[in-house]
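This report refers to the structure that appears directly beneath it.
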Amino acid sequence: MSQTGNADDFSLSRVPADRRESMFSIMLVRIGALTCISQFLIGAALGYGMTLWDAFWATMFGSVILQVVSALLGIAGAKEGMSTSLLARWSGFGQYGSSIIGLIFAISLTGWFGVQNSVFAEGIDGVTGGKLGFVVASIITGIGTTLLVYFGFKWISWTAKITVPLFLIVMGIGIYQVLKNHSIVQLATMAPPGPLMTIGAATTMVAGGFIVGCVTTPDMTRFAKSGRDVIWITLVGTFLGEFGVNLIAVLMAHAVGSADIMSIVMQLTGLLGGAIVAFATLKINDMNLYSSSLGITNFLSTIFKINMNRGMLTLILGALGTVLSIVGILDKFTAFLIILGVAIPPIAGIMAIDYYILKRFRQELDSSRALGALPEYCEKFNPVAIFSWLIGFAAGLFITWGVQALTSIIVSSVVYYVGMKLLAPKKVLDLTKS
């Protein structure tokens with residue numbers, strides 16, 4: 001199926017070679033997803049409860065987890081030119097399993113779009129001294145983000161070229177203000193101002209804060225030109241975003257003695273800095289909505305045989321998320337969204353095992369890639385993948401020690417590999433081909 005319209009952005013087909021983007025453009029989108037209020041909030045929380053050295057190691061451990069997951073799925077996405085939910089059809093889950101994944105992405109990321117839109121609107125409203133009002137600010141930020149995502153990845157990339165440098169400038173001003181009034185040695189060695197946080201809990205916070213973004217890495221790297229580009233995109237994006245934002249936020253939290261991120265930014269950089277940091281939320285929220293639209297497109301195509309335009313779905317999902325953020329319903333569903341966040345990491349383990357180790361559909365993918373098309377068939381449903389996913393989900397939910405996201409990935413990977421070896425995957429494939 002050929003999809004050349006900008007609004008649809010190849011949601012149900014491979015991204016052709018002539019529509020790939022430069023490594024720098026995609027890298028900026030990746031960095032932009034990590035240079036935002038939510039990431040800064042994690043760093044401030046670490047600084048409020050940890051020393052700089054402990055926060056460094058927690059960020060290191062969490063970033064390694066994120067880097068491995070991002071690279072494995074991102075390289076597959078670039079090679080095949082497919083989004084996460086579409087790639088899942090030939091990476092363990094089959095046609096109907098991938099539609100379930102797409103629906104989970106849509107619910108989770110539309111929900112987080114609404115939450116982030118509330119944060120964006122509150123920041124903008126606060127900077128204007130409450131003159132806009134939360135409702136008006138939410139409508140403005142929601143419509144603005146939705147229209148941006150409607151026009152596809154290229155517009156998202158251009159937005160990153162504006163917001164990322166501005167955010168980095170604000171961070172530079174903040175650090176200057178910190179170092180002007182405090183000794184770097186003092187800040188680096190001082191005891192945390194708040195209750196102590198363990199390295200295990202902090203690592204979980206770092207990894208969990210962006211694990212959903214890692215699993216949906218193919219949504220952006222499908223536009224990459226090579227696997228080598230993906231390595232650099234994820235390496236620089238993850239480590240610069242995590243280490244840069246986290247450690248700067250740690251120092252700021254130490255200097256101000258607070259974990260209230262907007263209070264920290266306003267104290268150190270003023271109204272303009274606060275406005276820019278609030279605006280930078282756009283860079284994670286546009287990818288929330290973008291991945292959500294790709295997931296629901298795959299779901300509708302598989303379950304209802306409706307090939308709905310991704311751009312139109314973006315308008316619908318953006319409007320829904322904006323309305324929910326305005327009426328405050330999403331505040332009551334944050335716990336539910338967090339549970340969905342635990343459900344997503346096991347997907348990465350299953351897809352990686354199937355694509356890189358079992359290679360069940362590698363021949364079909366290779367031959368169809370040469371033609372620029374999708375494989376002519378895939379299995380309808382893989383019960384082993386669904387079972388492994390549920391076991392990984394349960395492990396991540398109920399095993400609270402260690403890093404829960406990593407636990408869920410490891411458990412789902414092992415269960416899936418052993419299950420496929422024991423249950424003769426060839427027979428499963430023969431029974432479920434369309």
Side-chain angles (χ1 to χ4, degrees), residues 14 65 67-102 104-105 211 214-219 221-222 226-227 230-231 234 295 298 302 343-371 373-396 405-434:
R14 296 180 186 268
I65 295 171
Q67 174 61 27
V68 171
V69 174
S70 296
L72 287 175
L73 295 187
I75 290 172
K79 184 175 182 179
E80 305 301 341
M82 299 182 194
S83 66
T84 302
S85 57
L86 187 60
L87 180 64
R89 292 186 186 183
W90 296 277
S91 299
F93 286 92
Q95 190 173 2
Y96 293 114
S98 72
S99 71
I100 295 174
I101 291 173
I104 290 175
F105 285 162
I211 192 67
C214 286
V215 178
T216 56
T217 295
D219 292 352
T221 60
R222 65 200 180 107
S226 67
V230 173
I231 293 294
T234 57
N298 182 51
T302 301
I344 288 176
I347 295 170
I350 294 168
M351 290 181 65
I353 291 294
D354 198 277
Y355 187 85
Y356 288 104
I357 297 179
L358 298 178
K359 301 180 180 180
R360 296 187 304 134
F361 282 94
R362 185 57 61 88
Q363 183 177 349
E364 290 85 353
L365 286 168
D366 290 346
S367 59
S368 62
R369 188 190 319 116
L371 300 174
L374 298 178
E376 292 185 1
Y377 62 83
C378 70
E379 57 191 343
K380 289 284 189 181
F381 185 74
N382 184 355
V384 180
I386 300 301
F387 176 77
S388 304
W389 170 42
L390 292 174
I391 294 298
F393 175 26
L406 180 60
T407 298
S408 67
I409 291 173
I410 292 175
V411 170
S412 64
S413 299
V414 172
V415 172
Y416 182 67
Y417 179 79
V418 173
M420 292 303 292
K421 287 297 184 180
L422 292 177
L423 297 178
K426 292 291 186 181
K427 293 180 180 179
V428 174
L429 179 61
D430 290 340
L431 289 172
T432 55
K433 281 182 182 179
S434 58

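Residue numbers start at 1 and run along the sequence shown.
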>> Checking Ile347 against Phe93 for the side-chain contact (heavy atoms from CB on, under 4.5 Å) test, could you report, in this order, the C-alpha distance in whole Å, the side-chain angles of both residues, the deciding distance, and whether it holds?
In response: CA-CA 9 Å; Ile347 295 170; Phe93 286 92; 4.0 Å; yes
So, for [X] and [Y], which heavy atoms are closest and what is the spacing to 0.1 Å?
X: Thr84; Y: Val215; value: OG1-O, 3.0 Å
X: Ser413; Y: Ile353; value: CB-CG1, 3.8 Å
X: Met351; Y: Leu73; value: CB-CD2, 4.0 Å
X: Phe361; Y: Cys378; value: CE2-CA, 4.1 Å
X: Ile211; Y: Ala405; value: CG1-CB, 4.2 Å
X: Pro346; Y: Ser412; value: O-OG, 3.2 Å

With rounding to the nearest 0.5 angstrom, report the [atom1] to [atom2] distance, [X] to [Y].
X: Ile350; Y: Leu358; atom1: CD1; atom2: CG; result: 11.0 Å
X: Phe105; Y: Asn298; atom1: CZ; atom2: CG; result: 10.0 Å
X: Phe393; Y: Ile104; atom1: CZ; atom2: CD1; result: 8.0 Å
X: Tyr96; Y: Glu379; atom1: OH; atom2: CD; result: 12.5 Å
X: Tyr416; Y: Ile391; atom1: OH; atom2: CD1; result: 15.0 Å

> Which residue pairs satisfy the salt bridge (charged side-chain N to carboxylate O under 4.0 Å, His left out) criterion with at least one member in residues 80-95, sequence neighbours excluded?
Replying inline: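 For residues 80-95: Arg14-Glu80, Glu80-Arg369.
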>> If we ignore hydrogens and angles and just use 3.5 Å, is the side chain of Ser408 paired with the main-chain N or O of Gly396 as donor and acceptor?
In response: no
>> Keeping Arg360 on the side-chain end and Ser91 on the backbone end, is there a donor-acceptor pair under 3.5 Å?
In response: no
>> Which residues pass the side chain to side chain donor-acceptor pair (under 3.5 Å) test with Ser70, not counting sequence neighbours?
In response: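 With neighbours one apart ignored, the set is Arg30.
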